[in-house]
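Computed over heavy atoms, backbone and side chain alike; hydrogens, waters and symmetry mates excluded. Reminder, nothing fancy here: chain letters follow the sequence lines and each chain counts from 1.
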Protein chains: 2
Amino acid sequence: MRTVEAILEAMHERGCRVTGPRRVIVEFVLEQCEPFSAEDVFRALRRVQQTIGRATVFRTLDLLAELGVVERVHHPSGTHRYVVSSDGHRHHVVCIRCGRVAEFSGCNLEPILASIADQTRFRILDHWLELSGLCQTCQGETMAVSR
Amino acid sequence: MRTVEAILEAMHERGCRVTGPRRVIVEFVLEQCEPFSAEDVFRALRRVQQTIGRATVFRTLDLLAELGVVERVHHPSGTHRYVVSSDGHRHHVVCIRCGRVAEFSGCNLEPILASIADQTRFRILDHWLELSGLCQTCQGETMAVSR
DNA sequence: GATTAGTTGATACTGAGTATCATAAGGAGC
DNA sequence: GCTCCTTATGATACTCAGTATCAACTAATC
């Protein structure tokens, strides 16, 4: 797990300035354990620091994505979410009822990717596996209330 | 490959009306062999039929997605694209340079999904595997022009 | 042909994200 | 600590994708 200071240091090494707003955003982002939108960050920080600008939030999240601190996740709505990237390669399952997200590791897609590369003649550089379903809680509820 | 008439018939069976705009949109969609945005459809059809409305295009594409005629694909920009779906369960590889899309079948994810369900306690209902990379043509080009 | 419920298109709106630009402030060098 | 230069900021206005509304229209059933 990276610390706020380590991330700000990485920014500095990259030739970026360590500013108040960036520090506040990094601190906020590291506290999140669920995916969040830029708007979430903006709204939460507005409550703490009235003056922070929307553009700054977007810019800083872009920077954090470039630094590998967060990852952009596509949301079915078509908007971006961000997740703090943990070590290793991870994916998410989204609950279609309550929106809860679970992470899982070890997707072991390599053999599949190899056969696809073969089939399509593409060089596969990235993959995005997104699952949806019902979390444990909502499984119970849907027994009663059928959808 | 489905025909325009078969699709309009499916709409009718579903209790939807077969209207002029829907016919025009279905005809246009079936001609596409590359992914397209709703805006693409709107602009192309506006040239042919001045009066078609933006909302109608979005609504009809939604309907076609429900009927399984087209599939929604996420685009790195965060907007939706549509592709005409062929038979069976298929996924796509999108070229990050030219936007070309290749389909592939036989994703064989079942063992992986089972282990994920086990790990997360979710009941997995749907999965979405989307790959990005370089198509054969762009692989050649990037050798010369490094990115 | 009359009826009626689904569909349309114009319009205005929302929400995410970007462009612009004058002002503020980090930090390197002294 | 101070200066200066450059980057970063935030307010604002904008774009773009997609949605909501609603009166007018029309497909399809009788």
- Message: With heavy-atom distances below 4.5 Å as the criterion, would you say the side chains of L64(B) and M11(B) are in contact?
- Response: yes
- Message: Is there a side-chain contact between H80(B) and the phosphate of dA17(D), meaning an N or O under 4.0 Å from OP1 or OP2?
- Response: no
- Note on the structure: A correct 5'-to-3' footprint of nucleotides 25-30 of chain C, with B, S and - meaning base, sugar-phosphate only and no protein heavy atom under 4.0 Å, is BBSS--
- Can you tell me the distance, in whole Å, between the CD atom of E13(A) and the P atom of dT7(D)? 18 Å
- Task: Whole angstrom is fine here: how far is it from CG in L8(B) over to P in dA27(D)?
- Result: 13 Å
- Message: Need one value for R22(A): base, sugar-phosphate or nothing, where a base atom within 4.0 Å counts as base even if backbone is also close, heavy atoms only.
- Response: sugar-phosphate
- Message: Can you say whether a donor on the side chain of R59(A) sits under 3.5 Å from an acceptor on the base of dG17(C), or the other way round?
- Response: no
- Query: Want to settle it: does P21(A) or R54(B) sit nearer the 5' end of DNA chain D, counting the closest nucleotide to each?
  - Reply: P21(A)
- Message: Checking T120(A) now: which residues fulfil side chain to side chain donor-acceptor pair (under 3.5 Å) with it, not counting sequence neighbours?
- Response: none
- Per the end-axis method with five pairs at each terminus, what is the bend angle of the helix from dG1(C)-dC30(D) to dC30(C)-dG1(D), to 10°? 30°
- In whole angstrom, what separates F58(A)'s CZ from dA11(D)'s P? 15 Å
- Atom-to-atom span, CG of L63(A) to P of dT7(D) - whole angstrom: 14 Å
- Do any of residues 41-49 of chain B sit with a heavy atom less than 4.0 Å from DNA chain D, and if so which? none
- Sugar-phosphate, base or nothing in reach of T51(A), heavy atoms under 4.0 Å: sugar-phosphate
- Measure the distance from CZ on F36(B) to P on dG18(D) and round it to the nearest whole Å. 12 Å
- For A55(A) and for E39(A), locate the closest nucleotide of DNA chain C by heavy-atom distance; then report the residue assigned to the nucleotide nearer the 5' terminus. E39(A)
- Task: Only pairs at least two apart or in different chains count here, so list each salt bridge (Lys or Arg N to Asp or Glu O under 4.0 Å) that has a residue in residues 9-19 of chain A.
- Result: R14(A)-E66(A)
- Item | Residues, nucleotides or ligands: over 12 heavy atoms within 6.0 Å of R46(A) CZ | yes
- Query: Is a side-chain donor-acceptor pair under 3.5 Å present for S115(A) with D118(A)?
  - Reply: no
- Is there a side-chain polar atom (N or O) of T56(B) under 4.0 Å from OP1 or OP2 of dG9(C)? yes
- Note on the structure: Heavy-atom closest pair (V84(A) atom, V29(A) atom, distance to 0.1 Å) is CG2-O, 3.2 Å
- Query: What is the distance, rounded to the nearest whole Å, between atom CE of M11(B) and atom C1' of dA27(D)?
  - Reply: 14 Å
Return all side-chain donor-acceptor pairs below 3.5 angstrom for residues 52-62 of chain B, not counting sequence neighbours, or 'none' if the list is empty.
| unit_1 | atom_1 | unit_2 | atom_2 | d |
| --- | --- | --- | --- | --- |
| R54(B) | NH1 | E39(B) | OE1 | 2.8 |
| R54(B) | NH1 | E39(B) | OE2 | 3.2 |
| T60(B) | OG1 | T56(B) | O | 2.7 |
| D62(B) | OD1 | R72(B) | NH2 | 2.5 |

- Might you point out which heavy atoms bring V93(B) and I124(A) nearest each other, and give the distance in Å? CG1-CD1, 3.6 Å
- Message: Ignoring hydrogens, what is the shortest heavy-atom contact between L30(B) and V69(B)? Give both atom names and the distance.
- Response: CD2-CG1, 4.5 Å
- So do the side chains of C16(A) and R22(A) get within less than 4.5 Å of each other, counting heavy atoms only? yes
- Message: Run the salt bridge (charged side-chain N to carboxylate O under 4.0 Å, His left out) test on E5(A) and R23(A) for me, step by step, so that the C-alpha distance in whole Å, both residues' side-chain angles and the decisive distance to 0.1 Å come before the verdict.
- Response: CA-CA 9 Å; E5(A) 293 310 321; R23(A) 179 180 291 272; 2.9 Å; yes
- Item | Gap between atoms CD1 and P, on I52(A) and dA8(D) respectively (whole Å) | 15 Å
- Item | For G68(B) against R2(B), the heavy-atom pair lying closest together | O-NH2, 3.4 Å
- Query: Roughly, in whole Å, what's the span from CD in Q50(B) to P in dT8(C)?
  - Reply: 18 Å
